[in-house]
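Some notes on the structure that comes next.
Values below: every heavy atom of this structure, side chains too, minus hydrogens, waters and symmetry copies.
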Amino acid sequence: MAKHKHQPTMNVVPKQDSQVLTPEFGNARIISGVLDWIIGGVFSGLPAVLFWAILGHSSKPMTSMYLFESSGFSRTTTVSVALLCLLFGFVYYVVIPWRVWPGQTLGKHWTHIQIVRRDHKPLTLSTLVVRNFIFLVLIEGIATATSTYLKVIITTLSRFYVDSYMTIIWSVITIVSMIFVFFGSKHLALHDLAVDTVVVRQPVLKEEVSI
């Protein structure tokens, strides 16, 4: 009788292209959202705080960027600093999840969740720009503190106070997005639907081989 050679056994978890992506819409996503709102807001506000501290000639603490003009700074200066704040927000919400922690802002990194594409392809810069900046910051707005600087820019340039109007619009859009996340069948926010992404638990891909 022929002897059968012992074959090594392999226990392999399916690779990402065959893996079913389960959306994360529980406590981790809520906590990461709060963390990103706080940390992203502080990080994006650094240019304004530093500019005020170094070049400001007023004894008043900087509680609003609208104080810049009332303290003697030009309209151009106010807009320039606000644009720099938006740039810092872009770094936090786009560059970090693109180059530092794939698919993760600091909040998502700490709560072990990440953004992935539903078609299993790698995240691209353009995807993150649309999802995390155009939608999350500029369209949903209330979801980030960074959006404040867009209101400052528009108000300063137009001389029409848009904050209350934009806050109402952003609040409605953000609430709709949250309803989609927690009660929708796919649990996808508006910014996820826009670029076909999903937030899942980390790691997305795990492979174990035993011999």
Side-chain angles (χ1 to χ4, degrees), residues 25 29-52 56 58 60-97 105 107-108 115 126-184 187-197 199:
F25 56 97
R29 189 155 187 183
I30 296 174
I31 294 171
S32 72
V34 172
L35 288 173
D36 282 335
W37 198 93
I38 296 171
I39 301 170
V42 171
F43 187 77
S44 60
L46 283 176
V49 172
L50 292 175
F51 185 90
W52 184 265
S58 172
K60 298 178 182 178
M62 197 204 77
T63 55
S64 168
M65 281 205 65
Y66 294 119
L67 287 175
F68 274 60
E69 281 194 86
S70 63
S71 298
F73 292 106
S74 67
R75 185 191 309 188
T76 302
T77 299
T78 303
V79 172
S80 298
V81 175
L83 284 172
L84 193 56
C85 290
L86 281 179
L87 179 61
F88 269 55
F90 183 89
V91 170
Y92 183 83
Y93 286 102
V94 176
V95 177
I96 289 177
T105 54
K108 285 182 171 59
I115 307 161
S126 59
T127 297
L128 287 168
V129 169
V130 175
R131 183 194 187 279
N132 282 10
F133 197 74
I134 294 178
F135 263 84
L136 194 62
V137 175
L138 304 184
I139 295 179
E140 294 181 32
I142 295 300
T144 72
T146 305
S147 61
T148 298
Y149 304 104
L150 178 62
K151 293 187 289 187
V152 170
I153 292 170
I154 295 175
T155 295
T156 303
L157 290 176
S158 67
R159 293 305 191 196
F160 179 76
Y161 189 73
V162 300
D163 287 40
S164 56
Y165 301 101
M166 293 185 71
T167 297
I168 293 172
I169 294 171
W170 281 345
S171 296
V172 171
I173 297 173
T174 301
I175 290 172
V176 170
S177 189
M178 291 174 64
I179 290 173
F180 273 52
V181 171
F182 295 103
F183 303 105
H187 302 292
L188 302 176
L190 293 179
H191 44 269
D192 287 313
L193 291 168
V195 291
D196 203 28
T197 56
V199 176

Residue pair Arg75, Arg159: steps toward the side chain to side chain contact (heavy atoms under 4.5 Å, CB included) verdict: CA-CA 10 Å; Arg75 185 191 309 188; Arg159 293 305 191 196; 3.1 Å; yes

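- Scanning both residues, Thr146 and Gly40, for their nearest heavy atoms gives OG1-O, 3.7 Å.
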Working for side chain to side chain contact (heavy atoms under 4.5 Å, CB included), residues Asp163 and Tyr66: CA-CA 11 Å; Asp163 287 40; Tyr66 294 119; 2.6 Å; yes

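- In this structure a side-chain-to-backbone donor-acceptor pair under 3.5 Å is missing from Thr174 to Ser171.
- Side-chain contact between Val137 and Asn132: absent, with no pair of heavy atoms (C-beta onward) separated by less than 4.5 Å.
- Within the model, atoms NE2 of His191 and OG1 of Thr127 stand 13.5 Å from one another, a figure rounded to the nearest 0.5 Å.
- Nearest heavy atom pair, residue Gly107 against residue Ser32, reads O-CB, 3.6 Å.
- Other residues, nucleotides and ligands place more than 12 heavy atoms under 6.0 Å from the CZ atom of Phe182.
- Atom CG in Leu188 sits 8.0 Å away from atom CG in Asp196 (nearest 0.5 Å).
- Pairing each heavy atom of Arg29 with each of His187, the nearest pair is NH1-O, 3.9 Å.
- A donor-acceptor pair under 3.5 Å is formed between the side chain of Trp37 and the backbone N or O of Ile142.
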Residues 82-90 side chain polar contacts: donor-acceptor under 3.5 Å, at least two apart:
none

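- How far CD of Glu140 is from CE of Met178: 10.5 Å, rounded to the nearest 0.5 Å.
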Test side chain to side chain contact (heavy atoms under 4.5 Å, CB included) applied to Ile173 and Ser177, step by step: CA-CA 6 Å; Ile173 297 173; Ser177 189; 5.6 Å; no

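- Considering CZ of Phe180 and CZ of Phe25, their distance stands at 15.5 Å, rounded to 0.5 Å.
- Taking CG of Leu128 as the reference point, atom OG1 of Thr197 lies at 8.5 Å (rounded to 0.5 Å).
- With rounding to the nearest 0.5 angstrom, the CG atom of Leu150 is 9.0 Å from the OG1 atom of Thr155.
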Tyr92 and Asp36: CA distance, side-chain angles, deciding distance, side-chain hydrogen bond (donor to acceptor under 3.5 Å, both in side chains) verdict: CA-CA 9 Å; Tyr92 183 83; Asp36 282 335; 2.6 Å; yes

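- A 4.5 Å side-chain heavy-atom check between Ser126 and Val129 finds every atom pair outside the cut-off.
- Panel note: side chain Trp170, backbone Leu138; a donor-acceptor pair is recorded below 3.5 Å.
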Full working for side chain to side chain contact (heavy atoms under 4.5 Å, CB included) between Thr148 and Met65: CA-CA 9 Å; Thr148 298; Met65 281 205 65; over 6 Å; no

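- Closest non-hydrogen pair, Phe43 versus Pro47, comes out as O-CD, 4.1 Å.
- Around CZ of Phe51, the count of heavy atoms belonging to other residues, nucleotides or ligands within 6.0 Å exceeds 12.
- No option in Thr156, Val152, Val81 other than Val81 meets the side-chain contact (heavy atoms from CB on, under 4.5 Å) test with Phe68.
- Under a 3.5 Å cut-off, the side chain of Thr78 and the backbone N or O of Ser74 do form a donor-acceptor pair.
- With Ser44 contributing its side chain and Gly41 its backbone, the two residues share a donor-acceptor pair below 3.5 Å.
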